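Take a look at the structure below.
Keep in mind that this is a model prediction, so the values were computed, not measured.
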Amino acid sequence: MNIKLTREEKNWILYDVGNSAFTLLITTIVPIYFNYLAGNAGLSDVDYLAYWGYAASLATLLVAFMGPVCGALADTKGFKKPIFVISLLVGAVGCISLGFAKNWLVFLVIYLIAKVGYSGSLIFYDSMLPDVTESERMDEVSSKGYAFGYIGSCIPFVVSLVIVLGAGSIGITMELAMGIAFFITAAWWMLMTFPLLKTYRQKHYVEKKKGAVKESFVRLGKTFCNVKKKKKVFLFLLAFFFYIDGVYTIIDMATAYGSALGLDSTGLLLALLVTQIVAFPFAILFGRLAQKYKAEKLIMVCIAAYSGIALFAVFLTNQVQFFTLAILVGMFQGGIQALSRSYFTKIIPASQSGEFFGLMDICGKGAAFMGTAIVSVVSQLTGSMNAGIGMISVMFVIGFLIFRCAVKVEDSDLP
């Protein structure tokens, strides 16, 4: 049954609409633009893919280390919103600054900063979920966040795409067109965030004590020590580490991979736009299905589907196959992310959501670091991009097996 969203839930979902525009831009147009800058500097296709992968890996690694500490600090009363705003500003300002970078290395450094700000904001945003809704509504609210994020992000993306592809026709350079695209994306991101900043109130927290920063480290240390005792949480995080590796790696490197294979840039962008459009109804569908079937069963379906998608990507050689891949990814991308987020929210203490989502981010970003690094290293060692991509499927299989073990743990382990 479809639920009627509250004002707080709607405003929380709007942030997904805003930040997803940045996600779509950096996973579609930006890798192609970086390929343009790298090509002007004489970099080969294999090196271009590798350097892009290394930059993505470093960004995720930085957030993985920073996330738990900032998350633990954000759990302190009155701290979550200010730290969220700081991360948001770093990401948005970094996004605009990308338009001023003409050298490929400078571009990668700014991209790194913007990606860290964006990823950091998601830790605090995800941990706001128990503050804006009830436990029984989390699966559908989380799914709608991803769903409307996918479809809403298409608005600034299409505008940016028209400007970039039509740069020559309207008499502006590619660099200026990209600068305009970065500004539009950052403006959309900020605009969609204002409603959340206006209504959000931190309901679950730990009381502020003298030396809040030191206290956050103490709490985080205790959480690290105790997480192994929470078997269900521990096994889920371990499984999440493996299966989300493939998801994030595919998101981060899909366009770079297709571009390096020599596929048409316009076709690649349209294919990934199709992913967003397909993801919208399927993310909502998974939210509805979670009302009839257990979320853990649906997550396993998504993991199994992604295993097949990763194997299919190994044999990708043409535009039609890339379109097929884009549609398949769209069908399961929102479901696996949204249900993982809501499922984790249900098995952790609400007052420690920030630090626990920080731990989850270690697993997610640590996995993404490993995934993009493996693809980059294997591609360079073998000289085959397909071989690098093929390594992703192994991570899904391992994640599926560990997740099955997590599901079997009795609910008495829950907080």
Side-chain angles (χ1 to χ4, degrees), residues 7-27 30 56 59-60 62-100 109-132 142 145-146 148-150 152-153 155-157 160 181-203 205 213 216 248 251 337 341 353-355 357-358 360-361 364-365 368:
R7 184 187 182 194
E8 290 77 12
E9 290 168 345
K10 289 178 181 177
N11 291 345
W12 183 83
I13 287 172
L14 277 176
Y15 184 71
D16 242 327
V17 176
N19 76 71
S20 293
F22 178 76
T23 304
L24 185 55
L25 188 73
I26 64 172
T27 55
V30 171
T60 54
L62 287 172
V63 176
F65 279 113
M66 293 167 49
V69 177
C70 293
L73 183 61
D75 282 331
T76 303
K77 185 177 181 180
F79 276 48
K80 186 169 291 185
K81 185 189 287 188
I83 300 178
F84 168 72
V85 171
I86 292 172
S87 299
L88 166 67
L89 290 175
V90 170
V93 172
C95 180
I96 294 174
S97 300
L98 285 170
F100 297 96
V109 172
I110 298 175
Y111 162 77
L112 184 70
I113 295 171
K115 187 75 181 291
V116 167
Y118 157 79
S119 300
S121 75
L122 290 185
I123 297 175
F124 313 119
Y125 168 67
D126 288 343
S127 70
M128 291 175 181
L129 184 56
D131 290 325
V132 300
S142 181
Y146 277 107
F148 284 99
Y150 290 136
S153 63
I155 298 173
F157 175 73
S160 298
F182 288 128
F183 178 80
I184 290 173
T185 300
W188 175 270
W189 186 3
M190 292 294 295
L191 182 64
M192 293 296 106
T193 308
F194 290 143
L196 177 62
L197 296 179
K198 183 177 180 181
T199 62
Y200 174 72
R201 298 293 181 271
Q202 188 174 354
K203 298 176 183 177
Y205 51 79
V213 176
S216 69
Y248 285 161
I251 291 173
Q337 291 179 296
R341 175 169 64 185
S353 60
E355 60 189 85
F357 268 102
M360 188 181 185
D361 208 62
K365 296 301 186 292

> Would you call T23 and Y118 a side-chain contact if the rule is heavy atoms closer than 4.5 Å?
Replying inline: yes
>> Applying side chain to side chain contact (heavy atoms under 4.5 Å, CB included), can you list everything that pairs with D126, at least two apart in sequence or on another chain?
In response: R341, F357
> Residues two or more places apart in sequence or in another chain: which of them pass ring pair (Phe, Tyr, Trp, His ring centres under 6.0 Å) with Y200?
Replying inline: none
Can you give each donor-acceptor pair under 3.5 Å made by side-chain atoms of residues 182-198, sequence neighbours left out, with the distance rounded to 0.1 Å?
residue: T185; atom: OG1; partner: A181; partner atom: O; Å: 2.9
residue: W188; atom: NE1; partner: V17; partner atom: O; Å: 3.1
residue: W189; atom: NE1; partner: Y15; partner atom: OH; Å: 3.1
residue: T193; atom: OG1; partner: W189; partner atom: O; Å: 2.6

> What's the spacing between K80 NZ and I123 CD1 if we round to 0.5 Å?
Replying inline: 11.5 Å
>> Going by side chain to side chain donor-acceptor pair (under 3.5 Å), name the residues that satisfy it together with S87, two or more places apart in sequence or in a different chain.
In response: none
>> Going by side chain to side chain donor-acceptor pair (under 3.5 Å), name the residues that satisfy it together with Y150, two or more places apart in sequence or in a different chain.
In response: Q333, Q337
>> Could you work out, with side chain to side chain contact (heavy atoms under 4.5 Å, CB included) as the rule, every residue matching S20, not counting sequence neighbours?
In response: D16, S153
> What's the spacing between S142 OG and I13 CD1 if we round to 0.5 Å?
Replying inline: 9.0 Å
> Checking D131 side chain against Q202 main chain: does a donor-acceptor pair fall under 3.5 Å?
Replying inline: no
> Under the side chain to side chain contact (heavy atoms under 4.5 Å, CB included) test, which residues partner A114, sequence neighbours left out?
Replying inline: F22
>> If I compare all heavy atoms of P130 with all of S127, which pair ends up nearest, and what's the gap?
In response: CD-O, 3.3 Å
> What distance do F157 atom CZ and L24 atom CG have between them, rounded to the nearest 0.5 Å?
Replying inline: 4.5 Å
> What heavy-atom pair brings V90 and G117 nearest, and what distance separates the two atoms?
Replying inline: CG1-CA, 3.8 Å
>> Show the nearest heavy-atom pair for residues Y125 and W12, with the distance to one decimal.
In response: OH-O, 2.8 Å
